[in-house]
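First the structure, in the form of structure tokens, and then the observations on it.
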2 protein chains.
Amino acid sequence: MNDRQDVHTSDVPVLCVACEARHRGVCGALDADQLVALMKTSTKKRLETGAELVGDAEAIEGYANILSGVVKLIKGLPDGREQIVGLQFAPDFLGRPFQSESAVSAQAATNVVVCSFPKRAVEALIKQSPQLEHSLLKQTLRELDEARNWMLTLGRKSALEKVASYLLLIANYIDPADHSHAEAVAFDLPMSRLEIADFLGLTIETVSRQLTKLRIDGVIQVRQSRHIVLDNPSRLKTYSGG
Amino acid sequence: MNDRQDVHTSDVPVLCVACEARHRGVCGALDADQLVALMKTSTKKRLETGAELVGDAEAIEGYANILSGVVKLIKGLPDGREQIVGLQFAPDFLGRPFQSESAVSAQAATNVVVCSFPKRAVEALIKQSPQLEHSLLKQTLRELDEARNWMLTLGRKSALEKVASYLLLIANYIDPADHSHAEAVAFDLPMSRLEIADFLGLTIETVSRQLTKLRIDGVIQVRQSRHIVLDNPSRLKTYSGG
DNA sequence: CCGGCGATTTGATCGAGATCAATGCCTAAC
DNA sequence: GTTAGGCATTGATCTCGATCAAATCGCCGG
């Protein structure tokens, strides 16, 4: 079901000479020499909540590994309506290979730390390393699956089902354990109500009302608006529409 | 904007020894020897409208090149609600590399002709040929872009904007020319009202009403319910919400 | 030509979620 | 502690699209 860990071709984290983080993710596909070469070109960057990594239709300046935090991918309409079309968590790889322009805008949803690489260095490496390309293909296939799952949610679920699905999605990222039995899970939402609404194709008021309903039904606890406790995750699943 | 043609690593169509069609698409990435080997394992299949290529959560029996027709990718909820999460046209490649189960069900929306290959043969070839993997990555990235574009439509557009966007999408597949100036385009819809509704996250009645509205506004002509004429495609764009 | 059947259109009504409008809550500055 | 300002909740109302129901169209077989 969840092949997230499968994205890492190598499970051995590698110490980056530039940003001093231990990389996993796509970098695991490289051999030692390639890694050293790549990491000499890397830079560690810290981004505040709301900071823009790549603007829509802007030239892409590089690629990045997310070390911590959550990045949202946004598409907007000319009149200002917005839809979040993807969420990226560590250790996802950020960037659009073989395209000079981005179709989406990428923004930090929380404080984010990335290790970024110049476009040219990564693309040269992709040409050399089928392993890296294989790794990118796997991540892209996973993102495609996630996008299609979300299309079902956007097109066919009710507001209540959408919010329940969202909570389960986040709970699963925080703690990828199997929540089919009844262990409690607690976590902080990495997004504001407005961002949740833009992810679910709803308004903030509707998101708030559905959370209230779930709270009153005793399925979730909400504290300080961001902190969520699921006493019984499998019960929440019955609200998510499958 | 549209890098569809870019998917074909080679522009030279190759005659398939088995199905006697000239392949393009992903097969273009192979060298002559590899092609011959692959094509000896291929079979040409004709599928009636509605035929299922791959069921949800079924084992994937193989891969296929679409030679003609339209294939819809469907995701469903336990209670029967359905969402079309992707459309594939010739010469798209059909299949989910590196996964034993399909996350979606694939059905023929029109009569479809495919040239199918056994799973094993294709996967062996992917291992040998970085070119093929590169080609698959490009197709997957394009599908991801399309999925994300459609998420914006599903989450944030009105029913009228959705229907207008759908007509422009189909018009663009039929004739990938630039429709920004005012040349008329005519085509047959490859899908029923129910399928359009399942693609747009609407009901058949709403789809029908929006088409009627566009017809009364003089933006489109509708004949025999499937045949559409856009006298002025750029005018339809103003209805699509950007 | 006629009847039948599925697909589509049109009509009437309903309701989920949007919109408009307060009100309440948490944090930060002073 | 007090106040200001951004977020979130709650309430009242409206609207778009769903639902229920009834024609109408198009096509095929007799």
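None of these values were measured; they are calculated from a predicted model. Quick note: numbers below take in every heavy atom, side chains included, and nothing from hydrogens, waters or symmetry partners. Below, chains carry the letters A, B, ... as their sequence lines are ordered, and counting in each starts from 1.
- In terms of phosphate contacts, B/T203 brings a side-chain nitrogen or oxygen within less than 4.0 Å of OP1 or OP2 of D/dA18.
- For B/R209 and C/dT9, the shortest distance from a side-chain N or O to OP1 or OP2 is not below 4.0 Å.
- Across the protein-nucleic acid pair, A/L194 atom CG and D/dG6 atom C1' stand 12 Å apart, rounded to whole Å.
- Between B/Y173 and B/F89, the two ring planes are parallel [angle under 30°; tilted spans 30° to 60°].
- Put simply, the side chain of A/L214 reaches to within 4.5 Å of the side chain of A/L160, judged on heavy atoms.
- Rounded to an integer number of Å, the gap from B/R223 CZ to C/dT8 P is 18 Å.
- Side-chain proximity of B/R215 to D/dG17, D/dT9, C/dT10: nearest is C/dT10.
- Computed from coordinates, the A/R81 CZ to D/dC16 P distance equals 13 Å when rounded to whole Å.
- Within the 4.0 Å cut-off from OP1 or OP2 of C/dA18, at least one side-chain nitrogen or oxygen of A/T206 is found.
- Residue contacts for A/L202: at a heavy-atom cut-off of 4.0 Å it reaches the sugar-phosphate backbone alone, with no base atom in range.
- Phosphate proximity of D/dT9 to A/S208: present, with a side-chain N or O under 4.0 Å from OP1 or OP2.
- Atom CD1 of B/I204 and atom C1' of D/dC20 are 12 Å apart (whole Å).
- In the set C/dT8, D/dT10, D/dA18, C/dT8 carries the atom at the smallest distance from any side-chain atom of B/R226.
- Between B/A159 and A/T212, the one whose closest nucleotide on DNA chain D sits nearer the 5' end is A/T212.
- Between A/L200 atom CG and C/dG17 atom C1' there is a gap of 13 Å when expressed in whole angstrom units.
- Of the candidates D/dT9, C/dT10, C/dC20, the closest approach to any side-chain atom of B/E205 belongs to C/dT10.
- With DNA chain C read from its 5' end, the first of the two nearest nucleotides for A/V207 and A/Q224 is the one closest to A/V207.
- When rounded to the nearest whole Å, the span between CG of A/D188 and P of C/dC26 equals 15 Å.
- No donor-acceptor pair under 3.5 Å is formed between the side chain of B/D145 and the backbone N or O of B/A147.
- Dense packing is recorded around CZ of A/R226, with more than 12 heavy atoms of other residues, nucleotides or ligands lying under 6.0 Å away.
- B/K213 has its NZ atom 14 Å from the P atom of C/dT10, to the nearest Å.
- Between the CD1 atom of A/I220 and the P atom of D/dA8 there is a distance of 14 Å, rounded to whole Å.
- Mapping A/V222 and A/R156 onto DNA chain D by nearest heavy atom places A/V222 at the nucleotide closer to the 5' end.
- Within the 4.0 Å cut-off from OP1 or OP2 of C/dC25, not a single side-chain nitrogen or oxygen of A/S225 is found.
- Counting heavy atoms from C-beta outward, A/K45 and A/V113 have side chains that stay 4.5 Å or more apart.
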